[in-house]
Amino acid sequence: MRSIVIAPRNVFCISVEAENISPDRFAPLKIEEIKKLIVWQGNRQKILSDLFTVDGEDSPSKAEDMAIRLSGDFSNVKRIGEGMTSGAIEVQGSAGMHAGNHMSGGILSIAGNADDWLAREMLGGRVVVMGDAGNYVGAGYRGEKCGMRGGEIEVRGNAGAYLGEHLCGGSIRVGGNAGDFPGAANQGGTIFIGGSTYLPGAEMSKGTINVRGETKVLPSFQKMEIAQIDGTDYQKYLGDLLENGKGELFVGVAVP
Amino acid sequence: MIIRGGIVYDPSNGIFGEEMDLFIDRGKMVEEARGEEIDASGLLVMPGGVDAHAHIAGKKVNTGRIMRPDDSRLGTEPRNGVCRPSTGYTVPNCYAMGYRYARMGYTTAFEAATPILEARHTHEELQEIPIIDKGALTLFGNNWQVMECVRDKDLSKLAAYVAWGLRSARGYGVKIVNPGGGESWGFGTNVKSVNDPVPNFDVTPAEIIRGLAQANELLHLPHSIHLHFNNLGKPGNYTTAIETLDLLKDIKPSRMRQVVHVAHMQFSAYGGTGWRDFESKAPVIADYFNSHNHATMDMGQLLFGSATTMTADAPLEYGNARLTHNKWSNHDIELEESSGVVPMIYSRKMLVNAVQWAVGLELALLVDDPWKVLMTTDHPNGSPFVNYPEVVTLLMSKPKRDAEMASMHEQLQKRTGLGEIQRELDWADIAIMTRAAPARILGLPDKGHLGPGADADITIYNLKPEELDTSQDHSLVKKAISTAMYTIKGGVVVSKDGKILCTPPGRAFWVDAAVPQADTDRLMPDLQEKFAKYYSIQLSNYAVQDAYLPHANVIRAGLSIEPLQEVA
Amino acid sequence: MSEATIIKDAICSFCGCLCDDIIVEVEGGKVQRARHACPLGSSKIMGHGRIESPMIRKDGELVESSFQEAYDRSAQILLQANKPLMYGWASTSCEAAEKGILLAEEVGAVIDSTATVCHGPSVIGIEEKGLPGATLGQVKNRADTIIFWGCNPAEAHPRHFRRYSSNSIGRFTPQGREGRKIIVVDVRATRTSRNADKFVRIDPGCDYEVISALRMLVAGKGDILPERVGGVLKADLAELAAMLKAARFGALFFGLGLTHSRGRYKNIDNALSLVAELNQHTKFVVLPMRGHYNVGGIGQTLAWSSGYPMSVDFTRGMPYFNPGETAACDLLARKDTDAALIIAADAASNFPRATAEALANIPVIQIDPYENPTTLLSDVVIPCAIAGVEVEGTAYRMDGLALRLRKMVDSSLPSDEEILMGILQSVRKQRQMMANEGA
Ligand code: SF4
Ligand SMILES: [Zn+2]
């Protein structure tokens, strides 16, 4: 394992875009070359070392042997790990928007919170957030038919609205609550929400959504039998009947 | 400027691959000139490309952009040098259109469908497209005034209206899309054949088409009617195509050109009773074109991948949206038209799409006379225009076609005859289909050729026609014609090896046709009534103001003047 | 000299109706009357409290300056910023928007319109489903069934009924209001609902479910619906669905009540699907009720220039679009902008207070004919001639129809276009100077 530590030099008032912070980009480079990778702050093009300190082993390695540690506040740093195919990124604090965009492999772990569009259009790999995640976890880009197509996302805390919008595959697990409209237009992915949510599965045509807590269910879902999953009772629904009605929604039956 | 030693293809002037020097002075081709020299020794030189049918400006195109950020994010290039930013693949922004045409060696492109009411918008966008010269065809086929004149068999009033409409729209020619169907769509229905009466108007599509063709010839317009058939896109529609073409056989052209130009013929050359037995009827259509001289066509070639369908044929788009479960925009234009936009992905694994792909190629290969067939993709309906080099190489290389077909549905061989066609087009054919013929068909005497007096729009490709085997080396050909070595527009090098060097504004062509005042006087009360009662705006706010055509090029035509100089 | 001139068929540049039948009487260089205009329109055309001179804030006070000084200071602010925001554009011409887009490209700014606080969700809905629409004249000539959902044209678009919708008379609608069914869906009774044949009051925030229920009914799957959805009885919804299907030509107009209630763009997305599905039974179109007269035009102009209709981020040289991230309210709420140019809109009043407060902490340039709350927190204030009254230009009606605004009276003030070009020239000059100094 080649480990590299990146830390911000100061607090960023204007957000930073740093899609170059990725095992794939770092792997073939020496530290001095890594420092020269491009980052943007607003309309100012900079190099990584203008904004961050970079330390670690100097000799290039394979991406899968890369471990990047982001130490300090990255909550205003966007696009961390974009397109990564392997290796690991460990964010010790919070991560800005679009962390893990398009990632197809490797592990992205975030100790704090993740901002909106976590793992947008993810293809594979694993993302773990210990805190909360914002809106559009695993969702697609505007106007696109597919969001996440594969891989796993786990959010231990709460997630925002539009969780897994246009999900085409993969799985998302949220420990706490999710905002409005999780799994909208789900076309084959799996969502588990430990807490409560609101109007899950709008226009879903395939896949599964499992809500352990309370939720309002759309009138276009058909109530089915009670199902047992992992020893817990769930009310099963089929929907969205506005599509073909082949999606499955399970809502936890509250124990009175 | 002098271009030395190129291998020149200038079909309009009977030049087919001759080594010669070209001279440019003040934006025009001349016999002798001095100045900067470009060494084109042994390289392929042609007039600048002319696209006679593409959807490049106006409400439909912008609707495509607005509903497709997923497309706009493709092909993004930052602001750079003289270039504004580029976005989009099937629905590029205005700047990208100009740069991409220029890089490919094209210098002229015509927007194929604009309702008069929304022509202002079209010109706003045309104006923003840099470099290329342009124009816009005006939609007449579902217009209330047109249908009423046709119903009343008042040809001179109809001609007066067409002239007035072109002037109001600053339009170039008469476009007819699914005549009568657009009006029917106002209440959610469609016409099913050329003889199916249009609800509430007591006319048939056949009468509308004939009426407009006659008016077109009465007005001596540079271009013929430009027709998108009824039943376009439907299995078995080749009979509608033949029936419609037969309607126009006896009409005499007022100029040396066709009586009708058929838009994107590929979409109207289908057999079968449904999608299951869907098959090519390209040979029947090609036979018709080979045995008749009143019609020309553009291919409307379909290529696999992403497209955005957009047409004034609104019921067709609704059908597309239901079939593909895709997003659907529709736009009805009061008293005039309807239209729709639906994104599309064509797949080589889908038999229907594969047949459509084959039909376009069959048409171009089976029609003997290249002057009758233009190379287009009906951008962005069949594919975006940046893929023209793919179409050209398919036409030039049988091995390429065979290789492509090998990866497609095995049923394809049964549904089309493409596999048996041996013909491979040569550079003369291509120069005709992409330059000389579109200019002649549109009636642009200064475009598409390199004789003295022509616009100095020239493409130099980094390709030696005398050394390259276009059949075998198709990938080299495709690469070379995708990015012109030099594109010269109006005597100025605008693009070199893909780099845009400067971005002059292109000119906008429109046709001002004169008609007897008496006819206009008879027409105006009709229009005044329509604006007072039915339009949602005032007559005085209707016509496109000159402010929207800062670089206008007016072509005069009409009843009261002598026919213009014939196109060679 | 002061003889009255009459301008016929003038265009009212106030709301998205863009009425083009106004008769304006001008005398002594001033508009004396604007016949046919509604009170909203006529008060705009007749004019009120104008900013008279450019001003620059010095030691906390706005002090009068020359235009050139104001341009230079504006250029300096924009050049110093890492992420300038250029917001507004709803009440000026497309020609001004074009210059603004060029300026945004050159300084690397984010450009956004007031759509972000009104029909932004509609745009996102359209990106999901497309927009099956029509020009307003199509509605006038054909519609026998009209729904107003979450909008109140009786107050916001006073001439809409008569010119384009419920009370208009056209070729296939000779009886006007008599021959039409008017349906209003809203969370409360309004002046618009008083004009309705059927008023469906729904619970706040339940639009999405109600639309889903209607879609179920239209598709003939009503049997599984619960007895009540969103506070509306199933029987009532069934009646409504039947009315929609029975239409010969239906039109759905929607407003901020749908775009800004819980569900936001999902509501629009669902409404667009409802309309698409109704077309399997009859003819139906849908139109957003755009508020400011040219909020549609900035969207069109941005789309053909950049590929996207709003919230376009040029900071990295290439257009990037992602409302939720690049919209003006997102940037302000996250304090992710360090200078703002506000043009033809009152940002201080448009945004929620906390968001607007972010403006107070960054340099602000205002270009506007009128003084408004944004003026108070601006560092440079540049008065302009009023587009559509004092300057010609293009505007797009709520249905996307482009019209040419007329000039009615002269102004000694520069147009928005001229001001933006003045700033752009100053930007280029200052850049050149910086480059020379660097060299
Ligand atoms: S309805 Fe709107 S556009 Fe018409 S006059 Fe009133 S404010 Fe002006
Ligand atoms: Zn076309």
Side-chain angles (χ1 to χ4, degrees), chain B residues 57 59 61-63 65-73 76-80 84-88 91-95 117-118 120-121 124-125 128 144 185-188 200 318 321-322 326-335 338 341-342 533-541 545 547-548, chain C residues 8-9 11 20-21 94 98 102 105-106 123 126-138 140-142 163-164 168-172 248-249 272 276 279-280 282-285 299-301 303-309 314 316-321 392 394 396 399-404:
Chain B
K59 176 90 181 164
V61 180
N62 228 24
T63 297
R65 297 185 186 108
I66 291 170
M67 71 195 274
R68 296 208 65 185
D70 50 310
D71 187 86
S72 289
R73 73 169 166 162
T76 302
E77 292 170 55
R79 198 186 150 75
N80 185 3
R84 311 243 341 229
S86 289
T87 53
V91 281
N93 64 341
C94 290
Y95 312 121
L117 184 61
E118 295 189 333
R120 207 172 344 266
H121 180 165
E124 284 223 271
E125 290 193 27
E128 278 302 288
W144 288 4
W185 184 245
F187 284 120
N200 305 308
Y318 186 62
R322 300 319 298 177
N326 220 326
K327 42 189 164 184
W328 170 56
S329 285
N330 175 81
H331 190 61
D332 293 356
I333 296 102
E334 62 205 56
L335 289 83
S338 60
V341 185
V342 175
K533 288 186 173 169
Y534 306 139
Y535 272 107
S536 64
I537 65 168
Q538 303 293 111
L539 178 56
S540 68
N541 288 319
Q545 293 81 356
Y548 297 94
Chain C
K8 279 199 192 156
D9 300 340
I11 294 170
D20 76 329
D21 61 343
C94 294
E98 277 176 0
L102 183 59
E105 283 175 20
E106 291 210 13
V123 170
I126 291 165
E127 290 163 2
E128 298 272 328
K129 296 288 170 64
L131 181 72
T135 62
L136 289 165
Q138 186 79 337
K140 154 175 149 163
N141 284 301
R142 296 180 199 260
R163 279 175 63 79
Y164 310 124
S168 64
I169 294 174
R171 182 160 184 155
F172 304 108
R248 186 170 179 220
F249 182 112
L272 295 171
N279 277 281
Q280 286 182 292
T282 178
K283 175 71 190 238
F284 233 97
V285 299
Q300 297 288 344
T301 310
W304 74 60
S305 308
S306 75
Y308 308 106
F314 285 107
R316 291 179 64 167
M318 53 191 110
Y320 172 67
F321 164 84
E392 275 187 61
T394 314
Y396 283 70
D399 57 350
L401 182 72
L403 287 167
R404 184 150 190 89

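Chain A is the first sequence line, chain B the second, and so forth, proteins listed ahead of strands; every chain is numbered from 1.
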So, does C:Arg248 use its side chain to make a donor-acceptor pair with the main chain of C:Arg142 at under 3.5 Å?
no
Can you see which heavy atom on [X] is nearest to which on [Y], and at what distance?
X: B:Asp332; Y: B:Ser338; result: OD1-CB, 3.4 Å
X: C:Ile126; Y: B:Lys327; result: O-CD, 4.5 Å
X: B:Pro69; Y: B:Ile66; result: CD-O, 3.8 Å

Any side-chain heavy-atom pair from [X] and [Y] closer than 4.5 angstrom?
X: C:Phe314; Y: B:Pro85; value: yes
X: B:Met67; Y: B:Thr63; value: yes
X: C:Cys94; Y: C:Gln300; value: no
X: C:Leu401; Y: C:Leu136; value: no
X: B:Ser540; Y: C:Lys8; value: no

Just give me the residue among [options] that pairs up with chain C most often, heavy atom to heavy atom, under 4.5 Å.
options: B:Arg79, B:Lys59, B:Arg68; answer: B:Arg79
options: B:Ser329, B:Ala547, B:Gly188; answer: B:Ser329
options: B:Thr87, B:Leu117, B:Asn541, B:Asn93; answer: B:Asn541
options: B:Gln538, B:Glu77, B:Gln545, B:Arg65; answer: B:Gln538
options: B:Phe187, B:Tyr95, B:Trp144, B:Tyr535; answer: B:Phe187

Need one label for [X]: side chain, backbone, both or neither, based on atoms under 4.5 Å from any heavy atom in chain B.
X: C:Asn279; answer: both
X: C:Arg404; answer: both
X: C:Ser168; answer: neither
X: C:Ser306; answer: backbone
X: C:Phe172; answer: side chain
X: C:Tyr320; answer: neither
X: C:Leu272; answer: neither

Should the ring pair B:His121 and C:Trp304 be called parallel, tilted or perpendicular, given that the plane angle runs from 0 to 90° and is split at 30 and 60?
tilted
Between [options], which shows the greatest number of heavy-atom pairs under 4.5 Å with chain B?
options: C:Pro132, C:Pro309, C:Gly307; answer: C:Pro132
options: C:Asp399, C:Thr301, C:Leu102; answer: C:Leu102
options: C:Arg163, C:Glu392, C:Glu106; answer: C:Glu106
options: C:Asn141, C:Thr282, C:Val285; answer: C:Asn141

Which atoms of B:Arg84 come close to chain C, meaning under 4.5 Å heavy atom to heavy atom: side chain ones, backbone ones, both, or neither?
both
In chain order, what residues pass the side-chain hydrogen bond (donor to acceptor under 3.5 Å, both in side chains) check against C:Glu128, with sequence neighbours excluded?
A:His166
